[in-house]
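Here is the structure we will look at, set down as C-alpha coordinates.
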Amino acid sequence: AGEIRRFLRDDGMLKVSRSLKETAGRAAAAREQLEKKLGREPTMEELSGEVGITREEIVLAMEAAAEVESLHRPVYQ
Amino acid sequence: MEQTNEMMIEFDSRSCNESFARVAVAAFMTQLNPTLEEVADVKTALSEAVTNAIVHGYENEIKKVTVSCSISGQVLTLTVSDKGVGIADIARAMEPLFTTKPDTERCGMGFAFMEAFMDDVQVKSAVGQGTAVTMKKRIGRIAGEYHD
Amino acid sequence: MEQTNEMMIEFDSRSCNESFARVAVAAFMTQLNPTLEEVADVKTALSEAVTNAIVHGYENEIKKVTVSCSISGQVLTLTVSDKGVGIADIARAMEPLFTTKPDTERCGMGFAFMEAFMDDVQVKSAVGQGTAVTMKKRIGRIAGEYHD
Ligand SMILES: Nc1ncnc2c1ncn2[C@@H]1O[C@H](COP(=O)(O)OP(=O)(O)O)[C@@H](O)[C@H]1O
Ligand SMILES: Nc1ncnc2c1ncn2[C@@H]1O[C@H](COP(=O)(O)OP(=O)(O)O)[C@@H](O)[C@H]1O
Ligand SMILES: [Mg+2]
Ligand SMILES: [Mg+2]
(Lines give C-alpha, C1' and ligand atoms only; values in the text may rest on other atoms or scores of the structure.)
(Ligands and ions follow the chains in the order given, each with its own letter.)
Protein backbone atom coordinates (compact mmCIF):
# COMPACT_ATOMS: atom_id res chain seq x y z
CA ALA A 1 0.00 0.00 0.00
CA GLY A 2 2.90 2.31 0.83
CA GLU A 3 4.31 1.65 -2.61
CA ILE A 4 1.02 2.48 -4.29
CA ARG A 5 0.70 5.65 -2.30
CA ARG A 6 4.26 6.57 -3.16
CA PHE A 7 3.51 5.96 -6.83
CA LEU A 8 0.32 8.04 -6.76
CA ARG A 9 1.93 10.86 -4.88
CA ASP A 10 4.99 10.83 -7.12
CA ASP A 11 2.67 11.10 -10.06
CA GLY A 12 0.92 14.00 -8.32
CA MET A 13 4.27 15.65 -7.74
CA LEU A 14 5.19 15.40 -11.36
CA LYS A 15 1.87 16.88 -12.27
CA VAL A 16 2.56 20.02 -10.22
CA SER A 17 5.62 21.13 -12.13
CA ARG A 18 4.24 19.66 -15.31
CA SER A 19 0.98 21.55 -15.06
CA LEU A 20 2.64 24.83 -14.11
CA LYS A 21 5.18 24.43 -16.88
CA GLU A 22 2.47 23.54 -19.31
CA THR A 23 0.43 26.61 -18.34
CA ALA A 24 3.52 28.81 -18.65
CA GLY A 25 4.26 27.27 -22.04
CA ARG A 26 0.74 27.86 -23.27
CA ALA A 27 0.85 31.47 -22.02
CA ALA A 28 4.14 32.09 -23.79
CA ALA A 29 2.77 30.64 -27.04
CA ALA A 30 -0.43 32.69 -26.74
CA ARG A 31 1.60 35.82 -26.08
CA GLU A 32 3.59 35.33 -29.27
CA GLN A 33 0.53 34.52 -31.33
CA LEU A 34 -1.47 37.48 -30.01
CA GLU A 35 1.46 39.81 -30.50
CA LYS A 36 1.57 38.89 -34.18
CA LYS A 37 -2.18 39.25 -34.55
CA LEU A 38 -2.49 42.56 -32.65
CA GLY A 39 0.81 44.14 -33.63
CA ARG A 40 1.47 44.93 -29.97
CA GLU A 41 1.95 43.13 -26.68
CA PRO A 42 -1.28 41.55 -25.44
CA THR A 43 -2.75 42.56 -22.08
CA MET A 44 -3.25 40.04 -19.27
CA GLU A 45 -6.98 40.08 -20.05
CA GLU A 46 -6.37 39.08 -23.65
CA LEU A 47 -3.85 36.43 -22.60
CA SER A 48 -6.13 35.00 -19.95
CA GLY A 49 -8.99 34.85 -22.46
CA GLU A 50 -6.78 32.98 -24.92
CA VAL A 51 -5.31 30.51 -22.43
CA GLY A 52 -8.52 30.04 -20.42
CA ILE A 53 -6.77 30.52 -17.07
CA THR A 54 -7.11 33.44 -14.63
CA ARG A 55 -4.57 36.27 -14.84
CA GLU A 56 -3.32 35.43 -11.33
CA GLU A 57 -2.76 31.75 -12.18
CA ILE A 58 -0.84 32.77 -15.29
CA VAL A 59 1.63 34.91 -13.31
CA LEU A 60 2.04 32.10 -10.76
CA ALA A 61 2.81 29.60 -13.53
CA MET A 62 5.26 31.94 -15.22
CA GLU A 63 7.11 32.60 -11.98
CA ALA A 64 7.22 28.87 -11.20
CA ALA A 65 8.54 28.08 -14.69
CA ALA A 66 11.23 30.77 -14.36
CA GLU A 67 12.18 29.38 -10.93
CA VAL A 68 12.45 25.82 -12.18
CA GLU A 69 14.59 27.01 -15.06
CA SER A 70 16.96 29.00 -12.86
CA LEU A 71 17.20 26.14 -10.36
CA HIS A 72 18.01 23.62 -13.05
CA ARG A 73 20.24 25.75 -15.21
CA PRO A 74 23.47 25.23 -13.22
CA VAL A 75 22.87 21.47 -13.24
CA TYR A 76 22.80 21.30 -17.03
CA GLN A 77 25.58 23.78 -17.69
CA MET B 1 15.39 20.58 12.80
CA GLU B 2 12.07 22.31 12.26
CA GLN B 3 12.69 25.33 10.09
CA THR B 4 9.95 27.94 10.36
CA ASN B 5 8.97 30.48 7.74
CA GLU B 6 6.19 33.05 8.00
CA MET B 7 4.26 35.47 5.89
CA MET B 8 1.15 37.54 6.23
CA ILE B 9 -1.07 39.20 3.68
CA GLU B 10 -3.66 41.87 4.35
CA PHE B 11 -6.08 43.08 1.71
CA ASP B 12 -9.30 44.99 1.10
CA SER B 13 -12.41 42.82 1.49
CA ARG B 14 -13.24 42.90 -2.20
CA SER B 15 -14.01 39.65 -3.94
CA CYS B 16 -11.58 40.63 -6.71
CA ASN B 17 -8.80 40.03 -4.15
CA GLU B 18 -9.72 36.39 -3.50
CA SER B 19 -7.82 35.19 -6.50
CA PHE B 20 -4.77 37.22 -5.41
CA ALA B 21 -4.94 35.65 -1.93
CA ARG B 22 -5.19 32.12 -3.35
CA VAL B 23 -2.19 32.60 -5.59
CA ALA B 24 -0.13 34.26 -2.82
CA VAL B 25 -0.74 31.32 -0.48
CA ALA B 26 -0.08 28.82 -3.29
CA ALA B 27 3.23 30.56 -4.09
CA PHE B 28 4.26 30.49 -0.42
CA MET B 29 3.36 26.83 0.08
CA THR B 30 5.35 25.67 -2.97
CA GLN B 31 8.31 25.73 -0.55
CA LEU B 32 6.82 22.55 0.93
CA ASN B 33 6.97 20.83 -2.44
CA PRO B 34 3.24 20.01 -2.42
CA THR B 35 1.25 17.97 -4.91
CA LEU B 36 -1.26 19.62 -7.20
CA GLU B 37 -4.03 18.12 -5.10
CA GLU B 38 -2.62 19.54 -1.87
CA VAL B 39 -2.41 23.01 -3.43
CA ALA B 40 -5.99 22.70 -4.68
CA ASP B 41 -7.19 21.58 -1.22
CA VAL B 42 -5.57 24.56 0.51
CA LYS B 43 -6.88 27.00 -2.10
CA THR B 44 -10.42 25.68 -1.67
CA ALA B 45 -10.30 25.95 2.12
CA LEU B 46 -8.75 29.42 1.93
CA SER B 47 -11.41 30.64 -0.51
CA GLU B 48 -14.20 29.52 1.79
CA ALA B 49 -12.68 31.31 4.77
CA VAL B 50 -11.95 34.51 2.81
CA THR B 51 -15.43 34.55 1.28
CA ASN B 52 -16.91 34.18 4.77
CA ALA B 53 -14.85 37.14 6.03
CA ILE B 54 -16.04 39.31 3.13
CA VAL B 55 -19.67 38.20 2.96
CA HIS B 56 -20.54 37.43 6.60
CA GLY B 57 -17.83 39.19 8.63
CA TYR B 58 -17.96 42.53 6.83
CA GLU B 59 -21.29 42.09 5.03
CA ASN B 60 -19.59 43.46 1.92
CA GLU B 61 -18.27 46.65 3.54
CA ILE B 62 -14.65 47.36 2.48
CA LYS B 63 -12.37 46.61 5.46
CA LYS B 64 -9.20 44.53 5.91
CA VAL B 65 -8.93 40.75 5.73
CA THR B 66 -5.72 39.16 7.00
CA VAL B 67 -4.24 35.80 6.06
CA SER B 68 -1.25 34.65 8.14
CA CYS B 69 0.64 31.69 6.91
CA SER B 70 3.42 29.70 8.49
CA ILE B 71 5.42 26.64 7.65
CA SER B 72 6.96 24.54 10.38
CA GLY B 73 8.52 21.29 9.30
CA GLN B 74 5.99 19.92 6.80
CA VAL B 75 2.97 21.57 8.43
CA LEU B 76 1.26 24.57 6.85
CA THR B 77 -0.81 26.75 9.19
CA LEU B 78 -3.18 29.39 7.81
CA THR B 79 -5.19 31.91 9.82
CA VAL B 80 -7.86 33.97 8.09
CA SER B 81 -9.06 36.91 10.22
CA ASP B 82 -11.57 39.68 9.99
CA LYS B 83 -12.63 42.37 12.47
CA GLY B 84 -16.26 42.04 11.46
CA VAL B 85 -19.55 41.08 13.14
CA GLY B 86 -18.31 37.83 14.73
CA ILE B 87 -20.16 34.57 15.32
CA ALA B 88 -22.45 34.05 18.33
CA ASP B 89 -22.66 30.23 18.22
CA ILE B 90 -19.54 28.77 16.63
CA ALA B 91 -20.55 25.10 16.97
CA ARG B 92 -23.83 25.80 15.20
CA ALA B 93 -22.15 27.90 12.47
CA MET B 94 -19.84 24.97 11.73
CA GLU B 95 -22.66 22.45 11.24
CA PRO B 96 -22.95 21.35 7.62
CA LEU B 97 -25.79 23.15 5.80
CA PHE B 98 -26.13 25.81 8.50
CA THR B 99 -26.20 29.28 6.99
CA THR B 100 -27.48 32.69 8.01
CA LYS B 101 -27.74 33.82 4.38
CA PRO B 102 -29.96 31.16 2.79
CA ASP B 103 -31.19 33.61 0.15
CA THR B 104 -27.84 33.92 -1.65
CA GLU B 105 -25.77 31.33 -3.47
CA ARG B 106 -24.20 30.23 -0.13
CA CYS B 107 -25.23 26.75 0.88
CA GLY B 108 -23.85 26.39 4.40
CA MET B 109 -21.02 24.09 3.36
CA GLY B 110 -18.04 26.46 3.84
CA PHE B 111 -16.85 25.11 7.19
CA ALA B 112 -17.55 21.53 6.05
CA PHE B 113 -15.25 22.09 3.07
CA MET B 114 -12.53 23.59 5.26
CA GLU B 115 -12.72 20.55 7.54
CA ALA B 116 -12.69 18.14 4.61
CA PHE B 117 -9.68 19.67 2.89
CA MET B 118 -7.52 20.56 5.90
CA ASP B 119 -6.34 18.36 8.78
CA ASP B 120 -7.55 20.71 11.50
CA VAL B 121 -9.86 23.75 11.68
CA GLN B 122 -10.24 25.98 14.76
CA VAL B 123 -12.52 29.00 14.95
CA LYS B 124 -12.21 31.87 17.40
CA SER B 125 -14.81 34.59 17.30
CA ALA B 126 -16.40 37.29 19.42
CA VAL B 127 -19.59 39.11 18.48
CA GLY B 128 -18.80 42.65 17.36
CA GLN B 129 -15.05 41.96 17.33
CA GLY B 130 -14.39 39.53 14.53
CA THR B 131 -13.44 36.02 13.60
CA ALA B 132 -10.21 34.07 13.14
CA VAL B 133 -10.20 30.68 11.44
CA THR B 134 -6.98 28.67 11.86
CA MET B 135 -6.40 25.69 9.58
CA LYS B 136 -3.52 23.22 9.48
CA LYS B 137 -2.45 20.75 6.88
CA ARG B 138 0.51 18.42 6.75
CA ILE B 139 2.07 18.62 3.31
CA GLY B 140 4.27 15.93 1.90
CA ARG B 141 4.25 12.43 0.73
CA ILE B 142 5.81 9.94 3.06
CA ALA B 143 7.62 10.46 6.35
CA GLY B 144 11.37 10.57 5.98
CA GLU B 145 11.22 11.61 2.38
CA TYR B 146 11.96 15.24 3.14
CA HIS B 147 14.97 16.62 4.90
CA ASP B 148 13.87 19.24 7.35
CA MET C 1 -13.46 57.54 -11.11
CA GLU C 2 -10.36 56.49 -9.18
CA GLN C 3 -11.04 53.14 -7.57
CA THR C 4 -8.49 52.25 -4.95
CA ASN C 5 -7.51 48.77 -3.87
CA GLU C 6 -4.83 47.88 -1.34
CA MET C 7 -2.86 44.93 -0.08
CA MET C 8 0.15 44.40 2.11
CA ILE C 9 2.44 41.44 2.59
CA GLU C 10 4.91 40.85 5.38
CA PHE C 11 7.42 38.01 5.33
CA ASP C 12 10.61 36.67 6.87
CA SER C 13 13.76 38.11 5.28
CA ARG C 14 14.76 34.83 3.66
CA SER C 15 15.69 34.83 0.02
CA CYS C 16 13.34 31.88 -0.55
CA ASN C 17 10.49 34.35 0.04
CA GLU C 18 11.45 36.62 -2.86
CA SER C 19 9.60 34.44 -5.28
CA PHE C 20 6.49 34.50 -3.10
CA ALA C 21 6.67 38.32 -2.95
CA ARG C 22 7.03 38.55 -6.73
CA VAL C 23 4.01 36.33 -7.30
CA ALA C 24 1.89 38.19 -4.73
CA VAL C 25 2.61 41.59 -6.30
CA ALA C 26 2.31 40.28 -9.86
CA ALA C 27 -1.01 38.59 -9.05
CA PHE C 28 -2.35 41.75 -7.40
CA MET C 29 -1.31 44.01 -10.27
CA THR C 30 -3.06 41.83 -12.87
CA GLN C 31 -6.19 43.76 -11.83
CA LEU C 32 -4.71 46.66 -13.82
CA ASN C 33 -4.64 44.49 -16.94
CA PRO C 34 -0.91 44.92 -17.61
CA THR C 35 1.16 43.37 -20.34
CA LEU C 36 3.61 40.61 -19.35
CA GLU C 37 6.39 43.09 -19.95
CA GLU C 38 4.94 45.49 -17.41
CA VAL C 39 4.61 42.59 -14.96
CA ALA C 40 8.26 41.66 -15.58
CA ASP C 41 9.38 45.29 -15.02
CA VAL C 42 7.61 45.47 -11.67
CA LYS C 43 8.94 42.07 -10.61
CA THR C 44 12.51 43.12 -11.40
CA ALA C 45 12.22 46.38 -9.45
CA LEU C 46 10.54 44.59 -6.54
CA SER C 47 13.25 41.91 -6.44
CA GLU C 48 15.99 44.53 -6.23
CA ALA C 49 14.27 46.32 -3.35
CA VAL C 50 13.51 43.10 -1.46
CA THR C 51 17.06 41.80 -1.95
CA ASN C 52 18.39 45.10 -0.59
CA ALA C 53 16.18 44.80 2.50
CA ILE C 54 17.42 41.25 3.14
CA VAL C 55 21.09 41.70 2.28
CA HIS C 56 21.83 45.29 3.32
CA GLY C 57 18.96 46.22 5.66
CA TYR C 58 19.05 43.09 7.78
CA GLU C 59 22.48 41.77 6.74
CA ASN C 60 20.88 38.33 6.43
CA GLU C 61 19.38 38.25 9.91
CA ILE C 62 15.82 36.90 9.86
CA LYS C 63 13.42 39.82 10.47
CA LYS C 64 10.29 41.11 8.70
CA VAL C 65 10.16 42.72 5.26
CA THR C 66 6.94 44.50 4.28
CA VAL C 67 5.60 45.23 0.81
CA SER C 68 2.56 47.51 0.58
CA CYS C 69 0.82 47.75 -2.71
CA SER C 70 -1.95 50.00 -3.90
CA ILE C 71 -3.80 50.60 -7.10
CA SER C 72 -5.36 53.96 -7.80
CA GLY C 73 -6.70 54.52 -11.28
CA GLN C 74 -4.02 53.00 -13.51
CA VAL C 75 -1.14 53.73 -11.12
CA LEU C 76 0.52 50.99 -9.10
CA THR C 77 2.37 52.09 -5.96
CA LEU C 78 4.71 49.72 -4.13
CA THR C 79 6.53 50.36 -0.86
CA VAL C 80 9.20 47.93 0.30
CA SER C 81 10.20 48.48 3.94
CA ASP C 82 12.63 47.06 6.41
CA LYS C 83 13.49 48.00 10.00
CA GLY C 84 17.17 47.38 9.43
CA VAL C 85 20.39 49.38 9.52
CA GLY C 86 19.20 52.25 7.31
CA ILE C 87 21.15 54.35 4.79
CA ALA C 88 23.32 57.30 5.84
CA ASP C 89 23.70 58.98 2.42
CA ILE C 90 20.71 58.17 0.22
CA ALA C 91 21.84 60.19 -2.82
CA ARG C 92 25.15 58.36 -2.85
CA ALA C 93 23.54 54.95 -2.32
CA MET C 94 21.37 55.57 -5.38
CA GLU C 95 24.29 56.36 -7.70
CA PRO C 96 24.78 53.66 -10.32
CA LEU C 97 27.61 51.26 -9.42
CA PHE C 98 27.76 52.46 -5.82
CA THR C 99 27.77 49.52 -3.43
CA THR C 100 28.88 48.88 0.13
CA LYS C 101 29.25 45.14 -0.56
CA PRO C 102 31.62 44.96 -3.52
CA ASP C 103 32.87 41.53 -2.45
CA THR C 104 29.63 39.68 -3.20
CA GLU C 105 27.70 39.25 -6.44
CA ARG C 106 26.07 42.71 -5.93
CA CYS C 107 27.12 45.22 -8.54
CA GLY C 108 25.63 48.49 -7.30
CA MET C 109 22.90 48.58 -9.95
CA GLY C 110 19.83 47.84 -7.80
CA PHE C 111 18.53 51.41 -7.52
CA ALA C 112 19.43 52.05 -11.18
CA PHE C 113 17.23 49.09 -12.17
CA MET C 114 14.37 50.29 -9.97
CA GLU C 115 14.57 53.72 -11.61
CA ALA C 116 14.78 52.21 -15.09
CA PHE C 117 11.77 49.92 -14.68
CA MET C 118 9.47 52.15 -12.63
CA ASP C 119 8.25 55.72 -13.30
CA ASP C 120 9.26 57.06 -9.91
CA VAL C 121 11.44 55.87 -7.00
CA GLN C 122 11.60 57.59 -3.59
CA VAL C 123 13.75 56.42 -0.70
CA LYS C 124 13.22 57.25 2.96
CA SER C 125 15.73 55.98 5.44
CA ALA C 126 17.11 56.63 8.90
CA VAL C 127 20.28 55.03 10.25
CA GLY C 128 19.40 52.37 12.82
CA GLN C 129 15.69 52.59 12.01
CA GLY C 130 15.25 51.22 8.54
CA THR C 131 14.48 51.98 4.94
CA ALA C 132 11.34 52.41 2.83
CA VAL C 133 11.52 52.46 -0.95
CA THR C 134 8.36 53.70 -2.71
CA MET C 135 8.00 53.05 -6.42
CA LYS C 136 5.22 54.01 -8.83
CA LYS C 137 4.36 52.84 -12.27
CA ARG C 138 1.51 53.78 -14.56
CA ILE C 139 0.15 50.62 -16.17
CA GLY C 140 -1.51 50.53 -19.58
CA ARG C 141 0.21 52.18 -22.44
CA ILE C 142 -2.37 51.49 -25.10
CA ALA C 143 -4.08 54.86 -25.48
CA GLY C 144 -7.84 54.99 -25.05
CA GLU C 145 -8.05 51.47 -23.81
CA TYR C 146 -8.29 52.28 -20.14
CA HIS C 147 -10.86 54.37 -18.34
CA ASP C 148 -9.46 56.21 -15.40
N1 LIG D 1 -16.08 35.37 9.19
C2 LIG D 1 -17.36 35.24 9.61
N3 LIG D 1 -17.97 36.25 10.26
C4 LIG D 1 -19.24 36.12 10.70
N5 LIG D 1 -20.00 35.01 10.52
C6 LIG D 1 -19.43 33.98 9.87
C7 LIG D 1 -18.11 34.04 9.39
N8 LIG D 1 -17.82 32.85 8.79
C9 LIG D 1 -18.94 32.11 8.90
N10 LIG D 1 -19.91 32.77 9.55
C11 LIG D 1 -21.26 32.24 9.88
O12 LIG D 1 -21.25 30.83 9.76
C13 LIG D 1 -22.25 30.41 8.84
C14 LIG D 1 -21.80 29.16 8.10
O15 LIG D 1 -20.67 29.43 7.28
P16 LIG D 1 -20.40 28.49 6.04
O17 LIG D 1 -20.30 27.08 6.52
O18 LIG D 1 -19.24 29.02 5.29
O19 LIG D 1 -21.73 28.61 5.16
P20 LIG D 1 -22.25 29.83 4.26
O21 LIG D 1 -21.12 30.79 4.04
O22 LIG D 1 -22.70 29.15 3.00
O23 LIG D 1 -23.37 30.48 5.02
C24 LIG D 1 -22.50 31.61 7.95
O25 LIG D 1 -23.78 31.58 7.34
C26 LIG D 1 -22.34 32.75 8.95
O27 LIG D 1 -23.50 32.93 9.71
N1 LIG E 1 17.34 48.45 2.46
C2 LIG E 1 18.60 48.92 2.60
N3 LIG E 1 19.14 49.05 3.82
C4 LIG E 1 20.40 49.52 3.98
N5 LIG E 1 21.21 49.88 2.96
C6 LIG E 1 20.73 49.77 1.71
C7 LIG E 1 19.41 49.30 1.46
N8 LIG E 1 19.20 49.32 0.13
C9 LIG E 1 20.33 49.79 -0.43
N10 LIG E 1 21.26 50.07 0.51
C11 LIG E 1 22.60 50.64 0.28
O12 LIG E 1 22.63 51.17 -1.04
C13 LIG E 1 23.69 50.56 -1.77
C14 LIG E 1 23.32 50.48 -3.24
O15 LIG E 1 22.24 49.61 -3.45
P16 LIG E 1 22.04 48.93 -4.86
O17 LIG E 1 21.97 50.01 -5.90
O18 LIG E 1 20.89 48.00 -4.80
O19 LIG E 1 23.40 48.13 -5.08
P20 LIG E 1 23.91 46.77 -4.38
O21 LIG E 1 22.75 46.12 -3.69
O22 LIG E 1 24.44 45.96 -5.52
O23 LIG E 1 24.97 47.16 -3.39
C24 LIG E 1 23.94 49.22 -1.10
O25 LIG E 1 25.24 48.74 -1.33
C26 LIG E 1 23.69 49.57 0.36
O27 LIG E 1 24.80 50.20 0.94
MG1 LIG F 1 -19.22 30.31 3.54
MG1 LIG G 1 20.89 45.88 -4.47
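The sequence lines fix the lettering, A, B, ..., with proteins before strands; numbering per chain opens at 1. The figures here come from the full heavy-atom set of this structure, side chains too, leaving out hydrogens, waters and symmetry mates.
- Residues C/Met8 and B/Lys64 have side chains not in contact (no heavy-atom distance under 4.5 Å, counting atoms from C-beta outward).
- If you take OG on C/Ser70 and CG on B/Asp12, they are separated by 9.5 Å, rounding to the nearest 0.5 Å.
- Atom OG in B/Ser19 sits 12.0 Å away from atom CZ in C/Phe28 (nearest 0.5 Å).
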- Task: For the pair B/Asn5 and C/Arg14, evaluate side-chain contact (heavy atoms from CB on, under 4.5 Å) and give the outcome as yes or no after the intermediate values.
- Result: CA-CA 8 Å; B/Asn5 191 13; C/Arg14 298 178 194 277; 3.5 Å; yes
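- The shortest heavy-atom contact between B/Asn17 and C/Glu6 is ND2-O, 4.4 Å.
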- side-chain contact (heavy atoms from CB on, under 4.5 Å) between B/Glu10 and C/Glu10, intermediate numbers included: CA-CA 9 Å; B/Glu10 186 188 85; C/Glu10 186 188 85; over 6 Å; no
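- Shown here is C/Phe113, whose CZ atom has no more than 12 heavy atoms of other residues, nucleotides or ligands within 6.0 Å.
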- Message: Go through it in stages, so that I can follow the logic: the residues are C/Phe20 and B/Thr30, the test is side-chain contact (heavy atoms from CB on, under 4.5 Å), and I'd like the CA-CA distance, side-chain angles, deciding distance and then a yes or no.
- Response: CA-CA 9 Å; C/Phe20 150 71; B/Thr30 57; over 6 Å; no
